[in-house]
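Before any comments, here is the structure.
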Amino acid sequence: MFASKVSDYENFFKRPAQPSNAEQFFRDTLDNGERRYDDLCRNIINDMNEYGLSVVDDFLGVEKGLQILNEVHGMYSAGVFQDGQLVNNLREEKLRTIRGDKITWVKGVEPGCANVGYLINQIDAVICRANTMKNNGQLGNYNIKERTKAMVACYPGSGSHYVVHVDNPNKDGRVITAIYYLNVNWDTERSGGVLRIFPEHGNSVADIEPKFDRLIFFWSDRRNPHEVQPSHRTRYAITVWYFDANEREAALNRIKNNKNNVKSTIDTTTTTTNANTTIGTMSMSSASVHDNHHSDNTFTTNQQIYSTNATSTATVPTTATPTTSADTKTLTNAHPNAIVTNGKCASINSGSAANTIEKHTNSSNNSVLANSNEICT
């Protein structure tokens with residue numbers, strides 16, 4: 001047994017424990033983290049105001065990013081990915097000339113998706129914080145309470161791409177698109193796969209490389225038409241869309257009213273048909289109902305919303321979003337200690353033909369992030 005002298009114990013107990021100093025240390029650590037977190041959100045707000053998009057590098061760090069990538073690899077190997085869809089039921093070969101990605105939708109709570117869920121919750125934390133900060137510019141025009149499930153996308157190389165499109169051309173509620181990239185050692189010159197954004201009010205385009213652990217935000221509506229250029233290597237991304245509560249409610253009401261109008265028209269047509277015992281009238285009315293149903297340019301299929309461009313002669317390809325409340329997440333304010341650190345916020349210089357990156361670097365190497373139960377209900 002280890003023997004200690006009495007004097008050793010006396011010396012030990014004479015050392016001040018100073019619990020107040022320990023408390024102050026943790027308080028200072030949290031305060032520093034809060035300031036870095038505020039700085040990150042403030043940079044995003046400023047970028048969105050000036051450029052309509054924002055880029056954050058090193059969002060979660062290499063270790064967490066690789067864990068997410070491994071989960072995505074597992075999903076792909078399990079065969080859960082399906083071809084991305086458009087509003088028009090195009091044949092497969094025609095569809096691939098417009099978009100060549102394969103996708104799956106996840107909530108982040110499924111088996112084997114814990115790290116994807118962690119990512120989603122951290123994006124939630126940033127969005128919630130930026131949306132509720134004072135002097136938050138254009139973000140203050142929106143009331144963000146819900147988001148879609150995460151769309152995990154794979155462009156399997158061989159020139160797979162997505163032509164120029166708008167995520168939300170018809171006010172379906174989506175206001176912010178957030179994309180997280182998982183492509184290690186990406187070489188744009190060899191592999192392509194650039195996300196090119198054409199800001200509505202700007203003199204240049206913004207070319208965003210799909211670099212590993214990079215998170216980007218941009219407005220989902222007509223302010224930011226964009227494309228994914230041909231990818232010659234497998235390219236992974238995770239996308240989440242955030243809803244403005246007012247626009248989303250209006251969109252759901254339009255869908256509800258549309259359904260009621262269709263039902264009313266069908267009932268009226270059926271009555272007329274029965275009275276006249278004319279099958280041809282019913283056939284014509286059915287075609288008319290089909291057209292009216294699409295006049296609002298929104299319809300539901302497989303629990304997802306697809307939109308077309310009502311004000312343009314050409315259809316704008318759009319990405320599907322879940323339409324039922326079961327397929328969306330209600331957000332709460334981020335926990336006050338939810339801190340994202342070690343992120344670099346990059347601004348796109350729209351005054352130049354080539355995009356110039358202005359880095360806003362946080363100094364910490366440790367990320368203190370919100371738990372899932374602190375973000376979503």
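Listed here is the closest heavy atom pair of Leu195 and Phe218: CD2-CE2, 4.2 Å. In this structure, Tyr37 and Ala125 approach most closely via the heavy-atom pair OH-O, 2.6 Å. Here the shortest heavy-atom pairing between Val164 and Glu227 reads CG2-OE1, 3.5 Å. Val175 approaches Asp244 most closely through the heavy-atom pair CG1-N, 3.8 Å. Scanning both residues, Asn168 and Gly173, for their nearest heavy atoms gives ND2-N, 3.8 Å. Considering every non-hydrogen atom in both Leu60 and Asp213, the closest pair reads N-OD1, 3.0 Å.
Looking only at side-chain heavy atoms (C-beta outward), Arg248 and Lys145 stay at 4.5 Å or farther from each other. Side-chain contact check for Asp47 versus Phe217: every heavy-atom pair is 4.5 Å or farther apart. The side-chain heavy atoms of Phe81 and Val152, taken from C-beta on, include a pair separated by under 4.5 Å. By the 4.5 Å heavy-atom criterion applied to side chains, Val228 and Arg235 are counted as neighbours. Taking the side chain as every heavy atom from C-beta outward, Arg147 and Ile127 never approach each other to under 4.5 Å. In this structure the side chain of Ile208 reaches within 4.5 angstrom of the side chain of Leu53, judged on heavy atoms. Side-chain atoms of Arg233 and Arg190, non-hydrogen and from C-beta on, never get closer than 4.5 Å to each other. Looking at Asn131 and Tyr242, their side chains never come closer than 4.5 Å, going by heavy atoms from C-beta outward.
Environment of CG in Asn141: crowded, with over 12 heavy atoms of neighbouring residues, nucleotides or ligands closer than 6.0 Å. A 6.0 Å sphere centred on CD of Glu249 holds no more than 12 heavy atoms belonging to other residues, nucleotides or ligands.
With sequence neighbours excluded, the residues that form a side-chain hydrogen bond (donor to acceptor under 3.5 Å, both in side chains) with Asp101 are Arg99. Residues meeting the ring pair (Phe, Tyr, Trp, His ring centres under 6.0 Å) test with His73, sequence neighbours left out: Tyr236. For Asp38, the salt bridge (Lys or Arg N to Asp or Glu O under 4.0 Å) partners two or more places apart in sequence, or in a different chain, are Arg129. Every residue two or more places apart in sequence or in another chain that forms a side chain to side chain contact (heavy atoms under 4.5 Å, CB included) with Val109 is listed here: Lys107. Every side-chain hydrogen bond (donor to acceptor under 3.5 Å, both in side chains) that Arg196 has, sequence neighbours left out, goes to Asp207. Residues satisfying the side-chain hydrogen bond (donor to acceptor under 3.5 Å, both in side chains) criterion with Thr177, sequence neighbours excluded, are Asp167, Ser220, Trp241. In this view, Phe212 satisfies the ring pair (Phe, Tyr, Trp, His ring centres under 6.0 Å) rule with no residue, not counting sequence neighbours. Contacts of Gln138 classified as side-chain hydrogen bond (donor to acceptor under 3.5 Å, both in side chains), with partners at least two apart in sequence or in another chain: Arg223. For Ala130, the side chain to side chain contact (heavy atoms under 4.5 Å, CB included) criterion is met by Cys41, Ile45, Leu139, not counting sequence neighbours.
The backbone N or O of Gly108 sits less than 3.5 Å from a side-chain atom of Glu110, completing a donor-acceptor pair. Distance alone, capped at 3.5 Å, places no donor-acceptor pair between the Asn258 side chain and the Arg254 backbone. Proximity of a side-chain donor or acceptor of Asn224 to a complementary backbone N or O of Gly52 within less than 3.5 Å is detected. A donor-acceptor pair is defined here as one N or O able to donate and one able to accept, closer than 3.5 Å; no such pair exists between the side chain of Arg214 and the backbone of Asp57.
Evaluation of the ring pair (Phe, Tyr, Trp, His ring centres under 6.0 Å) test over residues 168-195, restricted to residues two or more places apart or in two chains, returns none. For residues 126-160, the ring pair (Phe, Tyr, Trp, His ring centres under 6.0 Å) pairs, not counting sequence neighbours, are Tyr142-Trp219.
Once rounded to the nearest 0.5 Å, the distance linking CD of Glu209 with CG of Asp187 reads 8.5 Å. Note: Ser204 OG to Tyr51 OH = 10.0 Å, rounded to the nearest 0.5 Å. Rounding to the nearest 0.5 Å gives a distance of 10.5 Å between CG of Asn136 and CG of Asn46. Taking OG from Ser54 and CG from Leu40, the interatomic distance works out to 8.0 Å, rounded to the nearest 0.5 Å. In this structure, the separation between OG on Ser160 and NZ on Lys102 is 9.5 Å, given to the nearest 0.5 Å. Once rounded to the nearest 0.5 Å, the distance linking CD1 of Ile176 with CZ of Phe243 reads 12.5 Å.
A continuous path of Ile, Leu, Val, Met, Phe, Trp and Tyr side chains, each step under 4.5 Å between heavy atoms, connects Val106 with Tyr76, placing both in one hydrophobic cluster. A continuous path of Ile, Leu, Val, Met, Phe, Trp and Tyr side chains, each step under 4.5 Å between heavy atoms, connects Val56 with Tyr118, placing both in one hydrophobic cluster. The cluster map of Ile, Leu, Val, Met, Phe, Trp and Tyr, joined by side-chain heavy atoms under 4.5 Å apart, puts Val194 and Ile197 in different clusters. When hydrophobic clusters are built by joining Ile, Leu, Val, Met, Phe, Trp and Tyr residues whose side-chain heavy atoms come closer than 4.5 Å, directly or via intermediates, Ile238 is grouped together with Ile44.
The residue from Leu182, Ile216, Asn183 that alone fulfils the side-chain contact (heavy atoms from CB on, under 4.5 Å) condition with Pro210 is Asn183.
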Show which side-chain atoms of residues 62-69 pair as donor or acceptor with protein atoms under 3.5 Å away, not counting sequence neighbours.
unit_1	atom_1	unit_2	atom_2	d
Lys64	NZ	Gln67	OE1	3.2
Lys64	NZ	Asn115	OD1	2.9

